[in-house]
There are 2 protein chains.
Amino acid sequence: MSAKENQALKQVLREHELKATSQRIALLKLLNGAIEHFDAEEIYLELRKRQKNVSRATVYRSLEALVDQKLVNKLDFGDGRMRYEQSKGEDEHHDHLICECCGKVIEFFNLEMEAQQLAVCEEHNFFPSTHTMHIFGTCANCQHIQTHAQLASDSN
Amino acid sequence: MSAKENQALKQVLREHELKATSQRIALLKLLNGAIEHFDAEEIYLELRKRQKNVSRATVYRSLEALVDQKLVNKLDFGDGRMRYEQSKGEDEHHDHLICECCGKVIEFFNLEMEAQQLAVCEEHNFFPSTHTMHIFGTCANCQHIQTHAQLASDSN
DNA sequence: CGGAAAAATAAGAATGGTTCTCATTTGCGC
DNA sequence: GCGCAAATGAGAACCATTCTTATTTTTCCG
């Protein structure tokens with residue numbers, strides 16, 4: 001089964017003109033089922049934990065190659081390091097709500113917003129390639145926590 | 001006249017609970033009339049050029065203090081360094097079109113888009129504090145240049 | 001399957017933006 | 001003017017990322 005998955009991933013890599021090295025396969029496998037957005041260091045450590053011998057440099061180079069081939073998305077949440085997620089296809093674009101309290105990232109997609117963006121580009125004769133839209137704030141859960149903390153301190 | 005400007009800037013700093021040091025005044029003065037978005041190194045070099053003795057550390061620390069006080073905006077265009085611009089007030093929010101070809105940054109504001117953002121937040125019970133919306137692509141001018149280059153190579 | 005050429009890797013040095021340390025200086029209330 | 005808290009200068013430290021170079025793998029072809 002794992003052998004079959006390996007074979008499939010090898011295929012994917014070859015279709016994208018990338019040599020199917022064990023490191024790249026392990027990397028894709030890691031990102032494959034992941035819901036979270038990993039940074040390079042987390043990926044490096046996780047691959048190490050899984051007994052794969054990988055160097056940091058390879059993690060970065062492989063990620064870059066995979067991003068170039070659009071197999072992986074590179075995300076910038078503005079905290080000084082990049083995150084990576086498996087790309088689910090050409091048309092899976094989404095934007096992000098980022099909780100400043102717990103770091104949780106909520107993905108969303110809003111068609112009207114995308115339409116507005118195109119309108120703005122047209123207005124400025126600007127030809128768009130990609131965009132990032134990050135809304136920072138407090139998620140529902142952290143709002144509750146803060147409310148409770150507030151109540152507790154008020155009662156003193 | 002410069003003395004008067006200095007006095008005014010001192011006042012501004014004091015109103016924001018910041019000591020009015022010569023370095024901070026020089027920094028504010030530099031950002032004051034600037035249309036461009038400077039990075040910390042550019043600010044450091046420019047202040048040096050103006051015979052102000054400032055250290056890099058002070059540039060970073062002062063910028064941070066000014067950003068905290070919302071006298072300055074910190075912008076992340078995703079190229080590994082932060083840019084700074086004078087803040088024109090609480091309600092001067094704008095987003096950016098960033099040319100991947102020449103680096104030009106065009107500011108825009110679109111009310112409908114802002115409204116959509118609030119709608120998305122509400123939908124997710126998310127309480128927004130700030131957001132960044134960056135559209136990367138090619139500006140009108142660079143599109144012309146590329147078209148010309150294309151025509152030139154086609155005629156070979 | 002074996003062997004060669006090209007590409008990828010490991011390890012760690014180097015880089016670049018930013019932050020920290022600590023001794024010295026400065027702003028400002030008294 | 002004095003004194004103390006806060007700010008500064010200089011450079012070390014930091015951290016994510018990229019580069020270097022010798023070594024290892026992959027792929028391809030006979």
Side-chain angles (χ1 to χ4, degrees), chain A residues 6-7 9-28 30 37-69 71-72 74-84 103, chain B residues 3 6-7 9-28 30 37-48 50-69 71-72 74-84 103:
Chain A
N6 280 8
Q7 213 50 44
L9 292 175
K10 261 190 190 177
Q11 191 60 27
V12 171
L13 285 168
R14 295 229 180 85
E15 281 166 7
H16 288 269
E17 304 189 327
L18 296 172
K19 287 200 178 179
T21 65
S22 66
Q23 291 86 343
R24 288 174 179 170
I25 292 170
L27 217 170
L28 276 182
L30 171 58
H37 302 95
F38 293 116
D39 64 39
E41 186 67 12
E42 288 167 342
I43 291 169
Y44 170 71
L45 292 175
E46 184 57 31
L47 292 179
R48 287 251 143 180
K49 203 184 291 172
R50 296 187 186 184
Q51 319 295 335
K52 313 292 178 187
N53 61 322
V54 187
S55 69
R56 252 176 274 262
T58 295
V59 169
Y60 280 101
R61 275 180 305 219
S62 297
L63 283 171
E64 194 179 325
L66 293 170
V67 168
D68 282 349
Q69 292 300 317
L71 292 171
V72 168
K74 190 175 183 177
L75 308 172
D76 181 0
F77 294 154
D79 64 345
R81 62 201 147 142
M82 294 302 185
R83 314 291 171 121
Y84 299 88
Chain B
N6 280 8
Q7 214 49 45
L9 292 175
K10 262 189 189 177
Q11 190 60 25
V12 170
L13 285 167
R14 295 229 181 87
E15 280 166 8
H16 289 269
E17 303 189 328
L18 296 172
K19 286 198 177 178
T21 65
S22 65
Q23 292 85 345
R24 287 173 180 171
I25 292 171
L27 218 170
L28 276 183
L30 172 58
H37 302 94
F38 292 116
D39 64 39
E41 186 66 12
E42 287 167 342
I43 292 169
Y44 169 70
L45 292 175
E46 184 57 32
L47 292 179
R48 288 252 143 180
R50 296 189 187 183
Q51 320 296 334
K52 313 291 178 189
N53 61 321
V54 187
S55 68
R56 253 177 272 262
T58 296
V59 170
Y60 280 102
R61 279 180 301 220
S62 298
L63 283 170
E64 195 180 323
L66 293 170
V67 169
D68 282 350
Q69 292 300 317
L71 292 172
V72 168
K74 189 176 184 176
L75 307 172
D76 180 0
F77 294 154
D79 63 346
R81 61 202 148 138
M82 294 302 185
R83 315 290 171 121
Y84 300 87

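In the text below, chain A, chain B and the rest are named by the order of the sequence lines, each starting its count at 1.
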[X] side chain near [Y] side chain, heavy-atom distance below 4.5 Å:
X: A/Leu13; Y: A/Leu66; answer: yes
X: B/Lys74; Y: B/Glu64; answer: no
X: A/Glu46; Y: A/Arg50; answer: yes

Could you state the atom-to-atom distance from [atom1] of [X] to [atom2] of [N] in whole Å?
X: A/Ile43; N: D/dT17; atom1: CD1; atom2: C1'; answer: 13 Å
X: B/Arg14; N: D/dA6; atom1: CZ; atom2: C1'; answer: 14 Å
X: B/Leu47; N: D/dG9; atom1: CG; atom2: C1'; answer: 14 Å
X: B/Arg81; N: D/dA16; atom1: CZ; atom2: P; answer: 20 Å
X: B/Lys74; N: C/dT19; atom1: NZ; atom2: C1'; answer: 11 Å
X: A/Asp79; N: C/dT18; atom1: CG; atom2: C1'; answer: 14 Å
X: A/Gln11; N: D/dT27; atom1: CD; atom2: C1'; answer: 14 Å
X: A/Glu42; N: D/dC15; atom1: CD; atom2: P; answer: 15 Å

**OP:** Heavy atoms under 4.0 Å is the rule here; annotate nucleotides 4-12 of chain C 5' to 3' with B where the base is hit, S where only the sugar-phosphate is, and - elsewhere.
**Re:** --BSSBBBB

Original post:
Can you name the nearest heavy-atom pair linking A/Ala65 to A/Leu18, along with the distance?
Top reply: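 Scanning both residues completely, I find the closest heavy atoms to be CB-CD2, 4.0 Å.
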
Original post:
Hey, which of these two, B/Arg83 or B/Lys10, hits DNA chain C nearer its 5' end, going by closest nucleotide?
Top reply: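 First, find each residue's nearest nucleotide; the 5'-ward one identifies B/Arg83.
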
Subject >> ring pair (Phe, Tyr, Trp, His ring centres under 6.0 Å) against A/Phe77, all qualifying residues, sequence neighbours excluded >> reply: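 A/Phe77: ring pair (Phe, Tyr, Trp, His ring centres under 6.0 Å) contacts with A/His37, A/His96, A/His134.
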
Original post:
Reckon A/Tyr60 has a side-chain N or O less than 4.0 Å from the OP1 or OP2 of D/dT17?
Top reply: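 Answer yes for this pair, as a side-chain N or O of A/Tyr60 is under 4.0 Å from OP1 or OP2.
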
Original post:
How many angstroms lie between atom CD1 of A/Ile25 and atom CG of A/Leu30, to the nearest 0.5 angstrom?
Top reply: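 Going from CD1 on A/Ile25 over to CG on A/Leu30, the span is 13.5 Å.
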
